[in-house]
Amino acid sequence: MKKFLFALILVFALVLPCLSAETTEDRSSDYVTDIQKEISSDIGKLRESINQELSAIKLGSLDISARITELAVLTEKSSDDMSAWGYNDEQKDLHTRILSELSVAYSAYSALSQSSSTTNQDSKTENADSLGTVESPDINMSDSLRREITKVSRGFDVQVFYLQSKLNKLKLDLSQAAELQKKLTQAQEGGEGLELPRTHVLQLEAARVNVALTNLQVRAQKKALDLNVTEIKRLRGRLESMQEKLIFPQELLDSNLEKLQARITELTTELNEAHKALDSANSSLVRARVALGSADIMPLTLASSSYLARSARVNYWEHMVSLLDDEITMNREIQQVWRDRFKLFNDSASGEEIWNLSTSAETRIQELNRQLEGIRTMENTLLRQIENTQAQANTEGLDGIIQQRILQAAENQRKIISEVYNRYESLIPTAIFYQQRLQSEANDNISAVRIAEKVSSFSKETIMGFLNTQLWEGEGYSVTVGKLVIAILVFLSSFFLSSWGSHWIKRRMLRRVKSSITAANAVQRIVFYILWVAFALIALNILQIPLTAFAFMGGAIAVGLGFGMQNIFNNLISGFIVIFSRPFKVSDMIEVAGTSGMVEDIGSRSTTIRTYDGLDVILPNRYFLENSVTNWTRTDLKKREILKVGVSYDSDSREVEKLLTDIVKDHSKVLKDPAPFVIFKNFGDDALEFEIYYWFELKSSSGLKISSDLRHHIAAVFNREGINIPYPQRDIHIINDEIKSDSSQKKGDDVKNV
């Protein structure tokens, strides 16, 4: 069963990349067609707008020639015309520029139109059968065809980019022409007039000619793109037909290896000569350094300029030696690639060999791509150095000999680019191509039989090797991947065992001991942590992993506890304090931090309170230590309420007291012990004030409901007995003072309003 699962995993690991590669190749086959259709659709959407704009101008060859002549005449007399029109200098510049742009646009359109008409409609048909029909195509022909496809595809990508940019310009030209036409139409219909109608008419004409010119460029480029698509399809079709009868005989392998070996011999000779040249350049550089002495390279002198020139020469030969070494290495790699491809072609490679070839080729491709990227980066850096060197050579007042040596340094730097970096940019893609072919052919040769072979031959060794990989070691112990995996599994299992054991103890306490739910929860959590730690220590002991193996994590854990876990441990400790100090228990009615309700659960980190609105509010345990807690049911479940009542001043206070006492005692939810009582509280501004004191059971009654019932009963009894509950009353005194000439006299009137 284990072997089957591992085989299944390896199938996905090996076959899926192959399927992905095939899908990519299939998508590449349709890619050019999809892009072609997309571009054709974009052009089709613009066709109506293009025709509408081009219908307003004449683009025949004779019409264009006549219009160019007219524009020349308009340009000659434009100065006088603009003066007569009252143009200012800025407006004159605009008018003159538009005339010039219009003439240039007509000339460009005429030239491009004539060029397009004389161009052969299919420039590639003459090469349609350049490869010829071969009865027995070999693998070299297949490689050449693949390279040709890559070359044409790159040209296709460039064409697509250029065509899309022209389409964007065409859309912009159409937008400009439409906007100008809209403004001119509004001006002609009496709307807001244009400032320079003559100039804007020419501007609209120029915009339309630009539409025609860009449209012609798009059409010409679209034809070239279509030809390229046809060529790519033809090459791909030829490659597919070639694959069916491809051959790779031993003679061809030997021939390819001999050619590569001859090239390696040439490169080795060239490398020896390069080493000699490098030694000579280094000797010359040493002499230049001695002649320079302790002086700095700047400012430029005869000695420093000589040193710079010789240093650049040493740099050139160092690059050349590195290039030749790499080229020899890559040619030897290509020799080995040919041998491996021969094995794959003739089905003489084992499953393990195919696997190794695929993975090693992929790794080498990544290395070569990184090397190519590095070469291009160094080339850009060297170009900036050449600019600086050239600037030094062009310094004013520089001696002729010094200038000549600086120019020699710049020339050696340019040779690095032309003879080394450019050679790299041809060499590395070739090496990448052969590695890609090896990887693709290796993936094509992977099959279920070879996967099974690989699983049976080295799956056990691979797994055991991975599990025995040592992670770290100390005095008398070592921790491997296998030990760590087992420890993690045992540790996770201990979590579930501890949870089950603590819950079992909690149930036993509730059933047999009949302890409170709060105590049972507290014991359950303590037992859980004890069991978890105990199981973890047992697991480490079984695996012979000492606790000192995890000592390196102490600092990280301490930092985590001090910062990220500060609030968590604060709430945990607060939870244990709440559980053991028992300021409240489950089902108690409490109020804390503005939240009132019944305690639903007391956890190790937080406590849940069910409010009177039916909401569950979860409060961190530290709230109960930092805020005042009101426990309504700590000692008993009785709660006292006060109900205030006011009656009119003409009421009998003793009768009112008796009626209120009877009403509250008759209520079924009001407790008889302690007995309710009524107090004549005060003579109020508007009424005689009474207060009713009564108690009720929190668990079985609602204070709001009881007070509502009492008010209903009081209103009914007072209404029956003729006792009024007065409205608020105010006495208002209005004083009118009249000052007379002979004496002062006051007159006042009191008005009482109820």
Side-chain angles (χ1 to χ4, degrees), residues 137-151 154 246-279 315-346 348-349 353-354 356-379 415-443 445:
D138 57 41
I139 199 167
N140 282 353
M141 296 179 184
S142 174
D143 288 349
S144 298
L145 193 55
R146 290 181 185 277
R147 289 178 178 174
E148 181 67 19
I149 292 173
T150 301
K151 178 181 177 182
R154 288 175 181 170
L246 197 64
I247 61 172
F248 190 3
Q250 180 69 44
E251 295 79 7
L252 182 60
L253 172 64
D254 295 339
S255 175
N256 290 341
L257 295 178
E258 288 175 6
K259 291 178 182 178
L260 288 169
Q261 188 58 47
R263 179 58 181 160
I264 291 172
T265 303
E266 292 176 5
L267 291 171
T268 303
T269 303
E270 191 176 350
L271 178 62
N272 292 333
E273 296 297 327
H275 275 296
K276 293 178 182 179
L278 177 60
D279 293 339
N315 194 23
Y316 164 76
W317 283 113
E318 286 175 345
H319 278 79
M320 181 58 72
V321 167
S322 178
L323 166 68
L324 294 171
D325 275 334
D326 288 341
E327 191 166 357
I328 290 172
T329 300
M330 289 180 191
N331 276 278
R332 286 174 178 163
E333 287 179 351
I334 294 173
Q335 280 184 318
Q336 186 58 45
V337 167
W338 277 116
R339 296 187 185 98
D340 295 333
R341 292 179 69 187
F342 183 79
K343 275 187 175 183
L344 293 172
F345 189 89
N346 293 281
S348 58
E353 286 177 329
I354 295 173
N356 291 333
L357 289 176
S358 177
T359 55
S360 62
E362 182 179 5
T363 302
R364 184 56 178 157
I365 289 170
Q366 294 174 354
E367 293 174 354
L368 291 170
N369 280 320
R370 287 194 294 269
Q371 185 178 5
L372 183 59
E373 184 178 353
I375 291 294
R376 289 168 179 166
T377 302
M378 290 190 294
E379 184 176 356
K415 286 174 65 178
I416 294 175
I417 293 177
S418 61
E419 298 181 14
V420 178
Y421 290 161
N422 289 347
R423 193 164 162 182
Y424 263 120
E425 291 186 358
S426 174
L427 175 66
I428 296 177
T430 301
I432 291 175
F433 171 80
Y434 281 106
Q435 293 292 345
Q436 287 175 335
R437 292 309 311 144
L438 177 61
Q439 183 189 19
S440 176
E441 291 166 7
N443 290 339
N445 277 269

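In this chain, residues are counted from 1 in sequence order.
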Applying side-chain hydrogen bond (donor to acceptor under 3.5 Å, both in side chains), can you list everything that pairs with [X], at least two apart in sequence or on another chain?
{"X": "Gln371", "answer": "Asp326"}
{"X": "Glu362", "answer": "none"}
{"X": "Glu266", "answer": "Arg263"}
{"X": "Asn272", "answer": "none"}

Which residues satisfy the ring-ring contact (aromatic ring centres under 6.0 Å, His included) test with [X], sequence neighbours excluded?
{"X": "Tyr424", "result": "none"}
{"X": "Trp317", "result": "none"}
{"X": "Phe433", "result": "none"}

Salt bridge (charged side-chain N to carboxylate O under 4.0 Å, His left out) filter on Lys415, not counting sequence neighbours, yields none
Report the residues that fulfil salt bridge (charged side-chain N to carboxylate O under 4.0 Å, His left out) with Glu367, sequence neighbours left out, ordered by chain and then residue number. Arg364
Tell me if the centroids of the rings in Phe248 and Trp338 come within less than 6.0 Å of each other. yes
If the condition is side-chain contact (heavy atoms from CB on, under 4.5 Å), which residues does Glu318 pass it with, not counting sequence neighbours? Leu278, Val314, Asn315
Residues in side-chain contact (heavy atoms from CB on, under 4.5 Å) with Asp254, at least two apart? Gln250
Does the side chain of Asp340 pick up a donor-acceptor pair with the side chain of Gln336 at under 3.5 Å? yes
Inter- and intrachain pairs under salt bridge (charged side-chain N to carboxylate O under 4.0 Å, His left out), touching residues 418-441, at least two apart: Glu270-Arg423, Glu327-Arg423, Arg341-Glu441, Arg437-Glu441
Is the shortest side-chain heavy-atom distance between Gln335 and Arg339 below 4.5 Å? yes
